[in-house]
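First comes the structure, then the notes that go with it.
Chain identifiers are assigned alphabetically (A, B, ...) following the order of the sequence lines, protein sequences preceding nucleic acid strands; residue numbering begins at 1 within each chain. Values below: every heavy atom of this structure, side chains too, minus hydrogens, waters and symmetry copies.
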2 protein chains.
Amino acid sequence: MQPGTPDEDWREDCAPRRVLEIFATKWTSMILHALDARHGGAARTGVLQRSLPGISKKMLTQTLREMENSGLITRHVEGTVPPAVEYRLTALGRRFIEPVELLYRWGRDNADALDQLGSRATGRR
Amino acid sequence: MQPGTPDEDWREDCAPRRVLEIFATKWTSMILHALDARHGGAARTGVLQRSLPGISKKMLTQTLREMENSGLITRHVEGTVPPAVEYRLTALGRRFIEPVELLYRWGRDNADALDQLGSRATGRR
DNA sequence: CGGTATCCTGGGAGATACTG
DNA sequence: CAGTATCTCCCAGGATACCG
């Protein structure tokens, strides 16, 4: 690193920061992973909910809406009764599978390191 | 995937979820990256602050404390006036560099994909 | 220079109940 | 089954000012 090099690794509008923002929202990355690794890219609401222990209907719907607005997934309604709604990864969504799986696997492979972590790792209690 | 396979990818206490918690706290990963990639593993407070555009003194100190409590970094005080404090990555902290850099590089290499993202990606405005 | 003390706000996130 | 509608909590995170 040159002495005079300006510190631009974390410019406020840089791409890495935008990645972090995605991971900052609790359920987004888990939904992406569940859709991809577990359900082959598409799943119905109820199936998704059962894949994400602890998520509420509200947060599921809310997060799915945001992801739809972001272009990560699409929503498909079967005009039946009772209704059947399926969510599918878009091409864009599929691109984001890469970093999500990266983190998922790292976590799985480094559970020991995570166990060493103090409880105040994230500021949560 | 077997039909009867229980959905255990995201058990509430699983390792990948704990990784996500780390990335859920805004500044932690940026500090880890800055310490490592930009400052060789150790840096003083002021230097760090200048490496993280937008961070406030409060959030910097607060996040550093939490990271210290988690065992990711150590704090070293030089008994001088004015005070000089240096933060260093621990062995544990260095392990976490891996996923951090993974995400950082992916963001850098996929800025185009991020540009396609709608503004409601994370629920923030 | 590094740190602390306040004060304040947004909105993430949960719980619950209701509708078609 | 999928989705809304409320209500509430609470805490991450920012702004500002002061201290040794």
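Atom CD of A:Glu21 is separated from atom P of C:dG11 by 13 Å (rounded to the nearest Å). Atom C1' of nucleotide C:dG2 and atom CD1 of B:Ile55 are separated by 14 Å, given to the nearest angstrom. Atom CD of B:Gln49 and atom P of C:dG2 are 9 Å apart (whole Å). Spacing between atom CD1 of B:Ile31 and atom C1' of D:dG13 amounts to 13 Å, rounded to whole angstrom units. The CG atom of B:Leu48 sits 14 Å away from the C1' atom of C:dC1 (whole-angstrom rounding). Per the geometry, CH2 belonging to A:Trp27 stands 10 Å off C1' belonging to C:dA13, to the nearest Å. Summarising the geometry, the separation between CE on A:Met67 and P on C:dG12 is reported as 15 Å, rounded to the nearest angstrom. Between the NZ atom of A:Lys26 and the P atom of D:dA12 there is a distance of 13 Å, rounded to whole Å.
Inter-residue side-chain proximity for A:Thr61 and A:Leu64 is flagged as unmet; no heavy-atom pair is nearer than 4.5 Å.
For residues 65-103 of chain A, the ring-ring contact (aromatic ring centres under 6.0 Å, His included) pairs, not counting sequence neighbours, are A:Phe96-B:Trp106.
In this structure, OG1 in A:Thr63 is found 5.5 Å from CD1 in A:Ile55, a value given to the nearest 0.5 Å. Considering CD1 of A:Ile97 and NE2 of A:His33, their distance stands at 8.5 Å, rounded to 0.5 Å. Rounded to the nearest 0.5 Å, atoms CZ (A:Arg94) and CG (A:Leu72) are 11.5 Å apart. Distance CZ/A:Phe23 to CG/A:Leu103: 4.5 Å, rounded to 0.5 Å.
Using cut-offs of 30° and 60° for the angle between ring planes, the B:Tyr104 and A:Trp10 rings count as perpendicular.
B:Ser51 places no side-chain N or O within 3.5 Å of a backbone atom of B:Ala34 that could act as its donor or acceptor partner. Side-chain atoms of A:Arg44 never come within 3.5 Å of backbone atoms of A:Glu86 as a donor-acceptor pair (strictly under, hydrogens ignored).
Overall, the helix from C:dC1-D:dG20 to C:dG20-D:dC1 carries an axis bend of 40° between its ends, with five pairs at each end and the value rounded to 10°.
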Summary of protein contacts for nucleotides 2-8 of chain D, nucleotide by nucleotide, where a base hit scores B, a sugar-phosphate-only hit scores S (4.0 Å, heavy atoms): SBS-B--
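Of all nucleotides listed (C:dC1, D:dC1, C:dA13), C:dC1 comes nearest to the side chain of B:Pro82.
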